[in-house]
Amino acid sequence: MDTQTIQLIVNGIAVGSIIALAAVGLTLTYGILRLSNFAHGDFLTLGAYLTLLVNSFGVNIWLSMIVAVAGTVGAMLLSETLLWSKMRSIKANSTTLIIISIGLALFLRNGIILIWGGRNQNYDLPVTPALDIFGVKVPQNQLLVLALAVLSIVALHYLLQNTKIGKAMRAVADDLDLAKVSGIDVEQVIFWTWLIAGTVTSLGGSMYGLITAVRPNMGWFLILPLFASVILGGIGNPYGAIAAAFIIGIAQEVSTPFLGSQYKQGVALLIMILVLLIRPKGLFKGTM
């Protein structure tokens with residue numbers, strides 16, 4: 001394996017870790033709320049811009065990320081209060097929910113352009129040299145992104161497997177009606193679903209800003225890889241989404257010498273179509 005291929009794989013792992021975080025949030029909202037949220041990528045963008053806003057006041061980038069998480073979670077909870085809870089109360093069908101989520105995505109994206117403008121922007125960070133690891137250039141930000149993604153995934157695993165709310169979330173994902181009959185507080189589960197989805201999605205956006213420019217359409221260009229990861233990993237399965245995100249991230253980057261960077265989205269789409277044709281339920285079992 002030549003150095004260029006190894007370099008592309010390293011880049012793919014960094015991108016895959018970002019897709020993994022955001023895909024976890026997307027698969028949780030679908031698995032628990034049955035919501036295919038096309039605004040998810042724009043919430044990721046919002047997290048990146050809120051980080052940029054706080055960081056522009058001279059605040060440390062890591063503290064800026066934490067503040068951005070609070071803002072993104074707040075925006076998601078607001079959308080839950082104003083939109084999704086009302087749609088559930090009238091039992092809106094999936095087509096209606098998809099159309100509303102697309103409208104919400106456009107609202108968020110154009111709101112970001114109105115406030116911050118359409119140009120590419122960068123965090124206020126010191127320039128750090130890339131590390132030379134066996135001839136492969138690895139930017140330090142990519143290592144930080146991977147480390148933060150791993151920590152977030154480990155924390156999520158602990159929450160889902162070892163806490164009361166995590167077990168309640170898995171129960172609701174498996175069977176909502178049975179969970180209600182069993183006395184599980186579904187509203188609390190919904191709150192925690194948005195809290196977790198907002199946290200990992202905002203972190204994904206902030207970290208994407210670390211390895212690339214912050215721009216209004218960054219989340220929109222990630223929405224196809226996000227849905228591809230959710231489908232490939234088994235809808236509603238956060239662990240499957242994480243594994244699939246790394247597969248798609250690496251596949252996209254490795255394809256660039258052959259197809260060009262402009263066709264990265266096409267690689268994610270091709271993988272998604274093949275999975276739907278060959279194994280519609282995904283590589284892993286759906287739900288948590």
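What you see is a predicted model, and the numbers here were worked out from it, not measured in a lab.
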Quick check on the hydrophobic clustering: are F57 and L125 connected, directly or via other members, by side-chain heavy-atom contacts under 4.5 Å?
yes
Considering only heavy atoms from C-beta outward, does the side chain of L144 approach that of L148 to under 4.5 Å?
no
S17 versus A149, closest heavy-atom pair with distance
CB-CB, 3.6 Å
Heavy atoms only: give me the nearest A244-G233 pair and the separation to one decimal.
CB-N, 3.7 Å
In the structure I gave you, are the side-chain heavy atoms of N11 and T256 within less than 4.5 Å of one another anywhere?
no
Partners of R109 by salt bridge (Lys or Arg N to Asp or Glu O under 4.0 Å), sequence neighbours excluded?
D42
Are side-chain heavy atoms of V15 and I18 found at a separation under 4.5 Å?
no
Got a donor-acceptor contact below 3.5 angstrom from the T45 side chain to the G219 backbone?
yes
Step by step, work out the side-chain contact (heavy atoms from CB on, under 4.5 Å) result for I223 and L226.
CA-CA 5 Å; I223 196 68; L226 290 178; 4.2 Å; yes
Counting only N and O atoms by type, is there a donor-acceptor contact under 3.5 Å from the side chain of T193 to the main-chain atoms of T29?
no
Test item: L8 and P257 side chains (from C-beta on) under 4.5 Å apart, heavy atoms
yes
Following the transitive rule for hydrophobic clusters with a side-chain heavy-atom cut-off under 4.5 Å over Ile, Leu, Val, Met, Phe, Trp and Tyr, establish whether I112 and L114 coincide in one cluster.
no
For the pair D185 and V189, evaluate side-chain contact (heavy atoms from CB on, under 4.5 Å) and give the outcome as yes or no after the intermediate values.
CA-CA 7 Å; D185 187 345; V189 169; 6.0 Å; no
Is a side-chain N or O of K86 found less than 3.5 angstrom from the main chain of T81, in a donor-acceptor match?
yes
I'd like to know if the side chain of Y123 and the backbone of S206 have a donor-acceptor N/O pair within less than 3.5 Å.
yes
So does Y208 get a backbone contact from the side chain of T212, meaning a donor-acceptor N/O pair under 3.5 Å?
no
Compare every heavy atom of P238 with every heavy atom of T27, then report the nearest pair and how far apart it is.
CG2-CA, 3.6 Å
Kindly give the heavy-atom pair with the smallest separation between G205 and M218, and that separation in Å.
O-CE, 3.9 Å
Contact between F246 and I13 at the side-chain level, heavy atoms closer than 4.5 Å - yes or no?
yes
If you apply the rule side-chain contact (heavy atoms from CB on, under 4.5 Å), what do you find for Y239 with H157, and how did you get there?
CA-CA 8 Å; Y239 305 110; H157 170 75; 3.0 Å; yes
Indicate yes or no for a side-chain donor-acceptor contact from S101 to the backbone of N37 under 3.5 Å, with no hydrogens or angles considered.
no
Search all heavy atoms of V214 against all heavy atoms of A48 and return the closest pair with its distance.
CG1-CB, 4.1 Å
Tell me whether L151 is reachable from L160 by hopping between hydrophobic residues (I, L, V, M, F, W, Y) whose side-chain heavy atoms are closer than 4.5 Å.
no
With side chains defined as the heavy atoms from C-beta onward, is the minimum distance between L33 and R88 less than 4.5 Å?
yes
Rounded distance [0.5 Å steps], CG in L46 versus CG in L53:
10.0 Å
If hydrophobic clusters are built from ILVMFWY residues whose side chains come within less than 4.5 Å, do I113 and L50 share one?
no
Main chain of G25, side chain of H40: is a donor-acceptor contact present, judged purely on distance under 3.5 Å?
no
Apply the test side-chain contact (heavy atoms from CB on, under 4.5 Å) to residues M207 and I211: give CA-CA distance (whole Å), side-chain angles for both, the deciding distance (0.1 Å), then the verdict.
CA-CA 7 Å; M207 291 191 297; I211 63 173; over 6 Å; no
Any side-chain heavy-atom pair from V230 and Y30 closer than 4.5 angstrom?
no
So Q161 and R170, do their side chains get closer than 4.5 Å, heavy atoms only?
yes
With a sphere of 6.0 Å drawn around CH2 of W192, does it hold more than 12 non-hydrogen atoms of other residues, nucleotides or ligands?
no
So CD1 of I32 and CD1 of I190: to nearest 0.5 Å the spacing works out to 9.0 Å
Working to the nearest 0.5 angstrom, can you tell me the gap between T51 OG1 and I66 CD1?
10.0 Å
Can you measure from CG (L203) to CG (L44) and round to the nearest 0.5 angstrom?
10.0 Å
Closest heavy-atom pair and its distance - A23, S229
CB-CB, 4.0 Å
Is there a donor-acceptor pair closer than 3.5 Å between any side-chain N or O of N55 and the backbone N or O of D124?
yes
Separation between CD (Q188) and CG (L195), nearest 0.5 Å, reads 11.0 Å
Are Y158 and M169 connected in the hydrophobic side-chain network, where two residues link if heavy atoms are under 4.5 Å apart?
no
Partner set under ring-ring contact (aromatic ring centres under 6.0 Å, His included) for Y49, not counting sequence neighbours
W116
What is the distance from atom CG of L232 to atom CZ of F227, rounded to the nearest 0.5 Å?
14.5 Å
